[in-house]
Amino acid sequence: MTENRHISLNLTNEDVLGMYETMLLARKIDERMWLLNRSGKIPFVISCQGQEAAQVGAAFALDRKEDYVLPYYRDMGVVLAFGMTAKELMLSAFAKAEDPNSGGRQMPGHFGQRKNRIVTGSSPVTTQVPHAVGIALAGRMQKKDLVTFVTFGEGSSNQGDFHEGANFAAVHKLPVIFMCENNKYAISVPYDMQVACEKISDRAIGYGMPGETVDGNDPLEVYRAVKAARDRGRRGEGPTLIEAISYRLTPHSSDDDDRSYREQEEVAEAKKNDPILKFASYLKDLDILTDEIEKEIVERIVKLVNEATEYAEAAPYADPEHALKYVYAE
Ligand SMILES: Cc1ncc(C[n+]2csc(CCOP(=O)(O)OP(=O)(O)O)c2C)c(N)n1
Ligand SMILES: [Mg+2]
């Protein structure tokens, strides 16, 4: 018999169904984006596939009205949970003027939306880490009760920005949650050619903060760890490093061919642990995700994704003159 693990985390059946629906929405938007890319309608896709449990589990553990998130390019699950809509994500994929992230100026995946406290990132990986630390410091100076949540890949955890941000946050006991989404590859480079330590979370001790590795295919495990990190941050005890282990189910991006550097049997094997299928079976075993509810969820999502696609495809591009704005002072 499946044990009900979400009750002890104070999560209701509604909460876990909400988590599942957000994970599935992210997956379905992502899948649609690949179809649009392959049919020549959108230029680029960088996927969340395989990482939805880590992203949504973490976001649900945050205060989605107060906290700031500094996501990296795969975090569709995080930004959906923080209030960005399917339509807005599609506007970004089609690079249309109404895209809230950048008005179609940036590549997709550079999420930023002021009203939802989603802080935009740059294309050089890991620059979001010192920004998250700075926002946590600003929050402390303004006596706000907020926590900042920043994510990055395991490859990105080798960048100097990670070291500087983690060190500063720990010295000043700032409420920052560092979450490494370890999907086992940095483009074509597998984990053991990126780092010599066993776990990314082992690095935490060097900064004087707790570090924990969790199963990133299990949203409840990620939820538990992020919730504890948030409580710790709010108590003034400082930052936490969480490593969520998953697997990148797609090539690095729509411009990558992963057959040149990994066995497709490995990908097939990882698909058996697909976080969406696993969470669905947990919810089904407990009779929370009934056939009827599942049908409703799928119908809602298909409708949202279709509407978002149609709207974004028909939406206007920015005027050419717009490209000259925001480069120099007006
Ligand atoms: C500073 C910098 N170096 C290199 C790149 C090119 N680049 C983009 S994504 C990426 C791989 C990052 O891997 P990881 O951090 O594991 O994230 P993942 O894509 O696997 O989620 C690289 C090298 C970059 N954007 N910025
Ligand atoms: Mg990676």
Side-chain angles (χ1 to χ4, degrees), residues 23 26-27 30 33-34 37 43-59 69-79 101-102 105-112 120-132 149-166 177-203 211 213-217 222 241-263 266-267 270-271 273-275:
M23 286 167 59
R27 174 69 60 94
D30 201 292
M33 286 177 174
W34 279 88
N37 174 266
F44 186 74
V45 189
I46 190 127
S47 278
C48 62
Q49 292 188 40
Q51 296 172 224
E52 298 92 341
Q55 298 168 359
V56 175
V69 288
L70 294 95
Y72 89 117
Y73 44 82
R74 296 199 192 280
D75 278 321
M76 198 183 322
V78 172
V79 300
N101 299 286
S102 72
R105 296 162 66 105
Q106 252 291 21
M107 290 172 86
H110 292 67
F111 308 112
T120 193
S122 306
S123 292
V125 296
T126 337
T127 48
Q128 68 276 18
V129 169
H131 296 166
F149 173 73
V150 61
T151 55
F152 44 90
E154 79 294 341
S156 303
S157 76
N158 298 319
Q159 289 284 119
D161 302 72
F162 170 73
H163 167 73
E164 292 168 38
I177 303 168
F178 298 92
M179 188 170 94
C180 175
E181 296 185 31
N182 179 352
N183 60 10
K184 310 212 174 120
Y185 285 88
I187 311 187
S188 56
V189 185
Y191 183 85
D192 56 9
M193 293 187 71
Q194 302 175 48
V195 274
C197 56
E198 193 194 331
K199 300 183 211 143
I200 298 293
S201 65
D202 288 343
R203 294 178 161 177
T213 295
V214 296
D215 178 1
N217 288 329
V222 180
L241 174 62
I242 296 165
E243 174 187 22
I245 303 217
S246 62
Y247 187 86
R248 199 192 73 210
L249 293 177
T250 62
H252 173 73
S253 74
S254 52
D255 294 340
D256 174 43
D257 184 351
D258 64 339
R259 289 170 302 187
S260 61
Y261 57 82
R262 65 179 181 183
E263 297 298 331
E266 181 188 294
V267 182
K271 284 188 175 160
N273 272 325
D274 184 323

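Values below: all heavy atoms of this structure, side chains included; hydrogens, waters and symmetry mates excluded. Just so it is clear, the structure is predicted and the values come from calculations on it, not from any experiment. As the structure lists them, so they are numbered: ligands from 1, and atoms in each ligand from 1.
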Q | Residue of the set Q49, E52, Q55 for which side chain to side chain contact (heavy atoms under 4.5 Å, CB included) holds with P275 | A | E52
Q.
Below 4.0 Å, non-hydrogen atoms only: which portion of S123 touches ligand 1? Side chain, backbone, both or neither.
A. backbone
Q: Please confirm whether E154 comes within less than 3.5 Å of ligand 1 when only nitrogen or oxygen atoms on both sides are compared.
A: yes
(Q) Which residue is it: K184, E266, Q51, K271? I am looking for the one with a side-chain hydrogen bond (donor to acceptor under 3.5 Å, both in side chains) to Y247. (A) E266
Q. Just going by heavy-atom distances, which of V125, I46, T126, I187 is nearest to atom 2 (C) of ligand 1?
A. V125
Q.
I'd like to check atom 12 (C) of ligand 1 in this structure: does the protein have a heavy atom lying under 4.0 Å from it?
A. yes
Q: Ignoring angles and geometry beyond distance, decide whether S156 reaches within less than 3.5 Å of ligand 1 through its nitrogen or oxygen atoms.
A: yes
Q) Would you say ligand 1 has an N or O under 3.5 Å from any N or O of Q194? A) no
Q: Within a distance under 4.0 Å of any heavy atom of G155, pick out the atoms of ligand 1 and give their elements.
A: 14 (P), 15 (O), 16 (O)
Q) Taking only residues two or more places apart in sequence, or in another chain, which ones meet S123 in a side chain to side chain donor-acceptor pair (under 3.5 Å)? A) H110
**Q.** Side chain, backbone, both or neither: R248 near ligand 1, heavy atoms under 4.0 Å
**A.** neither
Q | Within-shell test, Q159 vs ligand 1, heavy atom, strictly < 4.0 Å | A | yes
Q | Numbered atoms and elements of ligand 1 in range of N183, under 4.0 angstrom, heavy atoms | A | 18 (P), 20 (O), 21 (O)
**Q.** Proximity of Y185 to ligand 1 by residue part, where a heavy atom lies under 4.0 Å
**A.** backbone
Q | Contact bool for atom 6 (C) of ligand 1 (protein heavy atom, d < 4.0 Å) | A | no
**Q.** Which of the ligand 1 atoms, numbered from 1, are nearer than 4.0 Å to a heavy atom of R74
**A.** 18 (P), 19 (O), 21 (O)
Q: Under 4.0 Å from a heavy atom of H252: give me the atoms of ligand 1 that qualify, with their elements.
A: 9 (S), 19 (O)
(Q) Which label fits Y261 and Y185: parallel for a plane angle under 30°, tilted from 30 to 60°, or perpendicular past 60°? (A) tilted
Q: Count, excluding waters, the protein N, O or S atoms that are closer to the Mg ion (ligand 2) than 2.8 Å.
A: 4
Q: Fit a plane to each ring of F178 and F162, take the angle between them on a 0 to 90° scale, and name the class: parallel (under 30°), tilted (30 to 60°) or perpendicular (over 60°).
A: perpendicular
